Visitor: 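Once you've had a glance at the structure underneath, I'll fire off some questions.
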Amino acid sequence: FFFENNCTLPAGTSSDGAGCNNGDSGCGATVLKGASELSCMAGYGGSPAKLQATCDTHGGTFTSATFCTDVNECATNNGGCAHSCTNSVGSYSCSCNSGYSLNADGKACDDVDECAIYNGGCAHRCTNSGGSYSCSCESGYSLNADGKTCVEMTPAVTLTAQLPMTKAAFKQQEDKFITAVAQSANVASDLVSVVSVTEVESTAGARFHIQAIVCDVVTDIAVPAVPPLLTQGTLNDQLQAVNLPQCTISAPPTVVRRAASPSPD
């Protein structure tokens, strides 16, 4: 065919002769094109009926109640995509979840080994996993809150003691308690800290209750060993010296490693 001033087709429709041509009653008349001359492009579906257009020397636009419509490839088997499928007019595309990259086939997803690039930002060890990774530290170090850097752990001793006091009363006497523990352990007071205080109720006798304070006391020491003087007897002697009630050590002193001195509750 010899075409001139071809009419515009609906989106997704291709033509084998759908336009004004010299045989169409001399352009300017209404033109009908049948399905045999029309087909749907890739990414579209449907069976175009006859399209009608008024063509003049400036072209025109075909109109019809039935024409090609977009096919949602993602609706069938996720478009063949391993992770995410995004439909678009006349096409679609695949994408991958975080931690994965799109394969050269445009559909499969490959795990990204974050540890292969600058050790994943980890200060010590980096462990890759499907779609993610994690950092860990060498022995004697603790992982920081940022999940990447490591801080050296220092030796310390912790014990749990109970005193017949309310939490409010203990808070007012906390400095005296720290002094007593330091004297008992034979260390400086600034190396002792109360890391938690919990008020518990216990029964003493048949007629009344007392409040006990649970204290986890940490002392920094030069070597990872429990000071031999840090016993319930020596601690109570020191508590008596500062006018505090006698305590019960409910958990014996043990060696721990910690990153830094925590703040009391």
Side-chain angles (χ1 to χ4, degrees), residues 1-21 24 31-55 58-139 141-151:
F1 291 99
F2 174 76
F3 297 101
E4 61 181 33
N5 302 321
N6 286 346
C7 289
T8 303
L9 293 167
T13 307
S14 62
S15 166
D16 178 18
C20 292
N21 59 57
D24 289 332
V31 179
L32 294 176
K33 293 296 177 183
S36 63
E37 296 177 294
L38 304 169
S39 60
C40 292
M41 298 166 57
Y44 292 83
S47 300
K50 288 185 176 181
L51 301 182
Q52 175 179 306
T54 299
C55 297
H58 301 290
T61 301
F62 278 105
T63 59
S64 174
T66 305
F67 48 88
C68 298
T69 57
D70 173 56
V71 172
N72 183 1
E73 293 87 353
C74 297
T76 304
N77 194 33
N78 199 40
C81 302
H83 289 178
S84 300
C85 181
T86 303
N87 186 60
S88 58
V89 178
S91 186
Y92 74 103
S93 61
C94 300
S95 58
C96 300
N97 298 334
S98 176
Y100 292 85
S101 61
L102 192 64
N103 191 277
D105 64 7
K107 295 185 177 183
C109 293
D110 301 323
D111 175 54
V112 174
D113 185 359
E114 294 87 353
C115 296
I117 304 174
Y118 299 114
N119 199 41
C122 302
H124 289 181
R125 295 189 294 254
C126 181
T127 303
N128 186 60
S129 58
S132 186
Y133 73 103
S134 60
C135 300
S136 57
C137 300
E138 303 291 346
S139 177
Y141 291 81
S142 175
L143 192 65
N144 263 326
D146 61 10
K148 294 187 176 183
T149 57
C150 297
V151 61

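What you see below is based on every heavy atom in this structure, not just the backbone, and it leaves out hydrogens, waters and symmetry mates. In this text, all values refer to a predicted model and were calculated from it rather than measured experimentally. Starting from 1, each residue takes its place in the sequence as its number.
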Visitor: Could you list the donor-acceptor pairs under 3.5 angstrom formed by side chains in residues 111-118, with sequence neighbours left out?
Guide:
{"residue": "D111", "atom": "OD1", "partner": "G131", "partner atom": "N", "Å": "2.9"}
{"residue": "D111", "atom": "OD2", "partner": "N128", "partner atom": "ND2", "Å": "2.8"}
{"residue": "D113", "atom": "OD1", "partner": "C115", "partner atom": "N", "Å": "3.1"}

Visitor: Which value, rounded to the nearest 0.5 Å, describes the distance between C126 atom SG and K148 atom NZ?
Guide: 9.0 Å

Visitor: Check side chain to side chain donor-acceptor pair (under 3.5 Å) between D110 and all other residues, then give those that pass, not counting sequence neighbours.
Guide: N103

Visitor: Check side chain to side chain donor-acceptor pair (under 3.5 Å) between N87 and all other residues, then give those that pass, not counting sequence neighbours.
Guide: D70

Visitor: Measuring from atom SG of C150 to atom CZ of R125, what distance do you get when rounded to the nearest 0.5 angstrom?
Guide: 8.0 Å

Visitor: So, for G147 and C135, which heavy atoms are closest and what is the spacing to 0.1 Å?
Guide: O-CB, 3.1 Å

Visitor: Given side chain to side chain contact (heavy atoms under 4.5 Å, CB included), test L102 with C94 step by step and report yes or no.
Guide: CA-CA 8 Å; L102 192 64; C94 300; 4.1 Å; yes

Visitor: Which atoms form the tightest heavy-atom contact between C109 and A82, and what is the distance?
Guide: N-CB, 3.9 Å

Visitor: Not counting sequence neighbours, which residues clear ring pair (Phe, Tyr, Trp, His ring centres under 6.0 Å) with Y133? List them please.
Guide: none

Visitor: Search all heavy atoms of C85 against all heavy atoms of G79 and return the closest pair with its distance.
Guide: SG-CA, 4.1 Å

Visitor: Which atom names give the shortest non-hydrogen contact between A108 and C96, and what distance separates them?
Guide: O-SG, 4.1 Å

Visitor: Who are the ring pair (Phe, Tyr, Trp, His ring centres under 6.0 Å) partners of Y141, not counting sequence neighbours?
Guide: H124

Visitor: Of the non-hydrogen atoms in C122 and S134, which two are nearest, and what is the gap between them?
Guide: SG-O, 4.2 Å

Visitor: Would you please name every residue forming a side chain to side chain donor-acceptor pair (under 3.5 Å) with D146, sequence neighbours left out?
Guide: T149

Visitor: For the side chain of D105 and the backbone of K107, is there at least one donor-acceptor N/O pair under 3.5 Å apart?
Guide: yes

